[in-house]
K.L.:
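Below are the structure tokens for one structure; questions will follow.
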Amino acid sequence: MSASVAVYRSIYTEDRFKQAYGSDENASGSLRLREKLAGRCRCSKRACLHLLRERVPIFSWLPRYKLKKWILGDTIAGLTVGILHIPQGMAFALLTSVAPIFGLYTSFFPVVLYMFFGTGRHVSTGTFAVVSLMTGSVVEQLVPSPLEMNSSSSEASDFEAQRIGVASAIALLSGIIMLCMFALQLGFLSTYLSEPIVKAFTSAAAFHVTISQLQSMLGLRLPRHTGTFSLFKTLASVMENLPHTNTAELLISLVCLAVLVPVKELNMRFRKRLRTPIPVEILTVIIATGVAYACSLDSTYNIEIVGHIPAGFPRPQLPAFHMFPAIAGDTIAITFVGYAVSVSLAMIYADKHGYSIHPNQELLAHGISNTVSSFFTCFPSSATLATTNILESAGGYTQLSGLFTSLVVLIVLLLIGPLFYFLPKAVLACINVTSLRQMFLQFQDLPDLWRISKIDFMVWLVTWLSVVILNVDLGLAIGVVFSMMTVICRTQRAGCSVLGRASNTEIYRPLENHNKCYEVPGVKILTYNGPIYYGNRSFFREEMIRLLGLTPEKIRRREKAMKALEKRERETTERGIANTSFSSENEFFKSGNYDQAVLIDCSSVIFVDVAGARLLTQMCTECQKVGVHVYLANCNESVLKILTSSGLMKYMNPQHIFVTVHDAVVYIQQQKEKPSENTTTVWV
């Protein structure tokens with residue numbers, strides 16, 4: 001049984017509707033401003049508590065913590081992630097070109113701080129491969145590795161101090177940038193890194209990480225290449241030095257990969273059945289360290305080992321402030337990547353579990369984490385893909401899981417760290433490579449992306465190729481610029497259509513897609529599916545000319561004919577003599593097949609700038625020259641305000657702006673039926 005709708009009401013122009021249902025803008029606007037200022041300036045115990053809970057979320061969620069329901073899941077998930085942080089922290093420290101102990105520090109301090117200030121319940125922060133790779137590139141540029149250096153000399157310790165000084169300076173500057181962005185409420189900037197950009201970028205960066213770890217897996221002592229085409233330079237250097245491969249380290253790498261890859265695959269395939277994933281990384285680290293110690297692999301086969309890992313907390317020290325000018329540009333890119341990945345991960349799991357995160361508060365959380373951690377010899381941190389996924393799948397509920405994660409890392413820092421002295425670096429390189437599994441699997445999204453949106457597919461492809469071929473920073477910039485260009489091009493070439501009416505309804509649809517709709521006689525209804533601004537004003541004008549048939553030549557010819565017709569009418573009226581040519585002149589206009597009115601549906605016009613407003617004014621005057629009146633419908637408040645401010649109402653009757661298309665059509669038809677009452681209209 002089909003339902004029917006019947007509505008009887010008056011015709012509403014914008015002015016009439018505002019008089020009936022609008023509010024006093026000045027009064028309401030000043031009232032809202034006054035209320036906001038009063039709310040901001042109000043100082044009370046309740047306001048202070050609200051601000052404290054808002055800026056330090058732990059005071060909001062901890063009092064409502066469901067101990068019996070959540071504590072077991074948070075404990076298991078936190079311990080599991082903490083165990084994974086140990087090998088990954090040391091491994092990602094190699095990517096950052098600093099000693100492994102600094103990776104453990106970076107796996108501790110940011111986790112504790114995010115627990116207090118973060119809003120993502122399932123976010124695991126710490127070392128992240130892509131951020132570590134980008135930081136390591138800057139460190140290598142400013143503090144390049146010497147070809148020969150005694151690892152036990154004071155020169156080596158000074159060298160490590162310089163490197164971690166640069167890395168911690170990047171963390172400090174990154175934190176300061178995030179805090180400034182928080183102060184300016186710029187959390188929305190992460191939206192400029194769209195999902196195709198983030199996925200393509202991380203997938204391409206995974207190739208950089210893999211290639212950079214080949215030399216450690218093969219036992220080659222090669223300088224690290226940075227800058228443009230670094231991936232190909234590194235690959236060429238590795239291929240050139242293949243004859244110098246350390247067989248022992250190659251065998252260690254092959255055995256580690258043979259263990260890590262299948263077990264991690266089992267963890268992913270049976271993650272719903274396993275209460276916690278198999279901690280294969282830490283088991284591999286423990287076994288490899290024991291074998292290397294028992295067999296004296298470092299002295300017998302000259303394999304590269306981690307070396308001394310000091311026990312205890314790091315002493316606070318100042319980062320290399322003097323490096324700020326040299327690292328500023330790269331740090332901005334690192335900041336945006338780290339923040340975008342962190343917010344994206346937080347939003348994914350927030351949507352999955354039905355809660356919300358606050359992007360600006362995430363800026364504060366990561367800003368404080370990086371700023372404070374930098375004084376404890378930490379490099380930049382962010383949310384991490386692998387550990388966040390494990391945290392959620394292991395049953396974590398809240399940020400309290402970070403407490404148990406940090407406890408595991410703390411025990412290693414205070415007691416167990418020195419025991420990893422004989423850990424081969426090749427094992428850490430294998431852990432780095434196998435941790436990128438999720439990033440490589442993002443290629444599986446390409447067929448669906450191609451089916452859904454060819455433009456987003458091109459954004460993905462351009463970003464991926466740019467990052468792989470050029471380098472991480474430049475490739476990301478090219479991806480962002482290309483993505484924004486696609487948006488601009490789509491607004492420049494927005495479609496313009498003629499609308500027709502469905503019989504016996506107030507529904508209007510494009511005729512090109514609805515052949516059963518019909519054009520309303522005497523009215524050309526047009527719709528434009530995009531903004532009207534300086535970038536597309538020429539295209540908009542061309543489309544309107546094409547659909548209306550009002551070329552400049554035709555306008556001049558019709559204007560000249562209209563003046564002649566008006567002159568004949570005056571002469572006829574003055575002399576009182578019938579003019580036999582009057583009817584033939586009138587036929588001239590009727591033969592032009594011009595509509596009596598043009599109605600522009602502005603429902604899809606989201607904004608208009610000064611250039612667009614002037615163009616509409618110009619079109620309005622041109623149409624009036626040939627006796628065609630312009631009407632507008634469905635204008636939003638901002639568009640209507642700009643059109644009014646630009647002086648359009650000097651050339652257009654305010655009563656010709658309607659609330660809906662149907663209101664305008666009914667009004668035009670009524671005027672057509674009663675032409676004698678509308679003496680200002682010239683019917684063509």
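This one's a predicted model, so the numbers in the text were calculated from it and none came from an experiment.
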K.L.:
Output yes when a side-chain donor or acceptor of Gln361 lies under 3.5 Å from a complementary backbone atom of Phe117, and no otherwise.
P.N.:
yes

K.L.:
Could you please spell out the steps behind the side-chain contact (heavy atoms from CB on, under 4.5 Å) verdict for Val98 and Thr135?
P.N.:
CA-CA 10 Å; Val98 296; Thr135 306; over 6 Å; no

K.L.:
Do any N or O atoms from the side chain of Arg163 and from the backbone of Val139 form a donor-acceptor pair under 3.5 angstrom?
P.N.:
no

K.L.:
Between the side chains of Gln88 and Ser435, is a donor N or O closer than 3.5 angstrom to an acceptor N or O?
P.N.:
no

K.L.:
Measure the CG-OG1 distance between Asn302 and Thr247 for me, rounded to the nearest 0.5 Å.
P.N.:
11.5 Å

K.L.:
I'd like to know whether Phe108 forms a side-chain contact (heavy atoms from CB on, under 4.5 Å) with Tyr105, so could you lay out the CA-CA distance, the side-chain angles of the two residues, the decisive distance to 0.1 Å, and finally the verdict.
P.N.:
CA-CA 5 Å; Phe108 175 75; Tyr105 296 154; 5.9 Å; no

K.L.:
Which heavy atom of Met217 sits nearest to which heavy atom of Ala429, and what is that distance?
P.N.:
CG-CB, 3.6 Å

K.L.:
Is it the case that the side chain of Ser342 and the backbone of Ala383 share a donor-acceptor pair, with hydrogens and angles ignored and the cut-off at 3.5 Å?
P.N.:
yes

K.L.:
Is there a side-chain contact between Thr289 and Leu419 (heavy atoms, below 4.5 Å)?
P.N.:
no

K.L.:
Any carboxylate oxygen within less than 4.0 angstrom of a Lys/Arg side-chain nitrogen, looking at Lys425 and Glu249?
P.N.:
no

K.L.:
Should Thr106 and Ser381 count as side-chain neighbours, where that means a heavy-atom distance under 4.5 Å?
P.N.:
yes

K.L.:
Can you tell me how far apart CG (Asp298) and OH (Tyr293) are? Round to the nearest 0.5 Å.
P.N.:
11.0 Å

K.L.:
If we only count heavy atoms from C-beta on, is the Tyr421 to Ile309 side-chain gap below 4.5 Å?
P.N.:
no

K.L.:
Rounded at 0.5 Å granularity, tell me how far CZ in Phe379 sits from OG1 in Thr96.
P.N.:
4.0 Å

K.L.:
Sub-3.5 Å donor-acceptor pair from the side chain of Ser483 to the main-chain atoms of Gly479, do we have one?
P.N.:
no

K.L.:
Give the minimum heavy-atom separation between Leu84 and Ile390, together with the two atoms involved.
P.N.:
CD2-CD1, 3.2 Å

K.L.:
Quick check on Phe116: does its CZ atom have over 12 non-hydrogen neighbours (other residues, nucleotides or ligands) under 6.0 Å away?
P.N.:
no

K.L.:
Nearest heavy-atom pair of Val285 and Pro87: which atoms, and what distance?
P.N.:
CG2-CB, 3.7 Å

K.L.:
Please walk me through it: do Phe440 and Phe207 pass ring pair (Phe, Tyr, Trp, His ring centres under 6.0 Å)?
P.N.:
CA-CA 8 Å; Phe440 285 121; Phe207 279 86; 5.2 Å; yes

K.L.:
Give a yes or no on whether the backbone of Leu297 and the side-chain of Thr300 come within a donor-acceptor separation of less than 3.5 Å.
P.N.:
no

K.L.:
Is it the case that atom CZ in Phe376 sees more than 12 heavy atoms from other parts of the structure closer than 6.0 Å?
P.N.:
yes

K.L.:
Given side-chain contact (heavy atoms from CB on, under 4.5 Å), test Phe201 with Val472 step by step and report yes or no.
P.N.:
CA-CA 8 Å; Phe201 171 76; Val472 177; 3.2 Å; yes

K.L.:
Is the backbone of Gly78 close enough, under 3.5 Å, to the side chain of Thr405 for a donor and an acceptor to pair up by distance?
P.N.:
yes

K.L.:
State, with a plain yes or no, whether a side-chain heavy atom of Ile71 is found less than 4.5 Å away from one of Phe404.
P.N.:
yes

K.L.:
Keeping Thr398 on the side-chain end and Leu400 on the backbone end, is there a donor-acceptor pair under 3.5 Å?
P.N.:
yes

K.L.:
Take Thr377 and Ser168, measure what side-chain hydrogen bond (donor to acceptor under 3.5 Å, both in side chains) needs, and give me the verdict at the end.
P.N.:
CA-CA 6 Å; Thr377 59; Ser168 58; over 6 Å; no

K.L.:
Check each of Tyr355, Tyr349, Tyr397 against His122 using the side-chain hydrogen bond (donor to acceptor under 3.5 Å, both in side chains) test, and report the only one that passes.
P.N.:
Tyr355

K.L.:
Considering only heavy atoms from C-beta outward, does the side chain of Val337 approach that of Leu476 to under 4.5 Å?
P.N.:
yes

K.L.:
Counting distance only, does the side-chain N/O of Asn370 pair as donor-acceptor with the main-chain N or O of His366 below 3.5 Å?
P.N.:
yes

K.L.:
Do Ser137 and Thr226 meet the criterion of a side-chain donor-acceptor pair at a distance under 3.5 Å?
P.N.:
no

K.L.:
Donor-acceptor check, side chain of Thr210 to backbone of Val433, threshold 3.5 angstrom: yes or no?
P.N.:
no

K.L.:
For the side chain of Asn246 and the backbone of Tyr301, is there at least one donor-acceptor N/O pair under 3.5 Å apart?
P.N.:
yes

K.L.:
Dump the intermediate steps for side-chain contact (heavy atoms from CB on, under 4.5 Å) on Leu413 and Ile101, then the final yes or no.
P.N.:
CA-CA 8 Å; Leu413 284 173; Ile101 183 61; 3.8 Å; yes

K.L.:
Minimum heavy-atom separation for Gly120 and Ile357, please, with both atom names.
P.N.:
CA-CG2, 4.1 Å

K.L.:
I need the single residue from Thr331, Asp330, Leu142 that forms a side-chain contact (heavy atoms from CB on, under 4.5 Å) with Ile170. Which is it?
P.N.:
Thr331

K.L.:
Measuring from His208:NE2 to His225:NE2, what's the distance to the nearest 0.5 Å?
P.N.:
13.5 Å

K.L.:
Could you state the interatomic distance from OG (Ser203) to CH2 (Trp460), rounded to the nearest 0.5 Å?
P.N.:
4.5 Å

K.L.:
Determine whether Leu189 and Phe336 make a side-chain contact, defined as any pair of heavy atoms from C-beta on separated by less than 4.5 Å.
P.N.:
yes

K.L.:
Would you compute the distance between atom CZ of Arg224 and atom CG of Leu94 and round it to the nearest 0.5 angstrom?
P.N.:
9.5 Å

K.L.:
Would you say the side chain of Val306 lies within less than 4.5 Å of the side chain of Phe420, judging by non-hydrogen atoms?
P.N.:
no

K.L.:
Should we say atom CD of Glu195 is surrounded by more than 12 heavy atoms from elsewhere, each under 6.0 Å from it?
P.N.:
no

K.L.:
Below 30° counts as parallel, above 60° as perpendicular, anything between as tilted: where do the rings of Phe375 and Phe321 land?
P.N.:
tilted

K.L.:
Grab the two heavy atoms, one from Leu414 and one from Gly312, that are nearest each other, plus how far apart they are.
P.N.:
CD2-CA, 3.8 Å

K.L.:
With a cut-off of 6.0 Å (strictly less than), are more than 12 heavy atoms of other residues, nucleotides or ligands near NE2 of His353?
P.N.:
yes

K.L.:
Please examine the side chains of Leu385 and Asn389, heavy atoms only from C-beta on, and report whether any two atoms are closer than 4.5 Å.
P.N.:
no

K.L.:
Looking at Ile368, Val111, Leu113, which one forms a side-chain contact (heavy atoms from CB on, under 4.5 Å) with Ser373?
P.N.:
Leu113

K.L.:
Taking all heavy atoms of Thr371 and all of Ser374, pick out the closest pair and write down the distance.
P.N.:
O-OG, 2.6 Å

K.L.:
Quick one: do the Thr119 and Glu362 side chains pair a donor with an acceptor below 3.5 Å?
P.N.:
yes

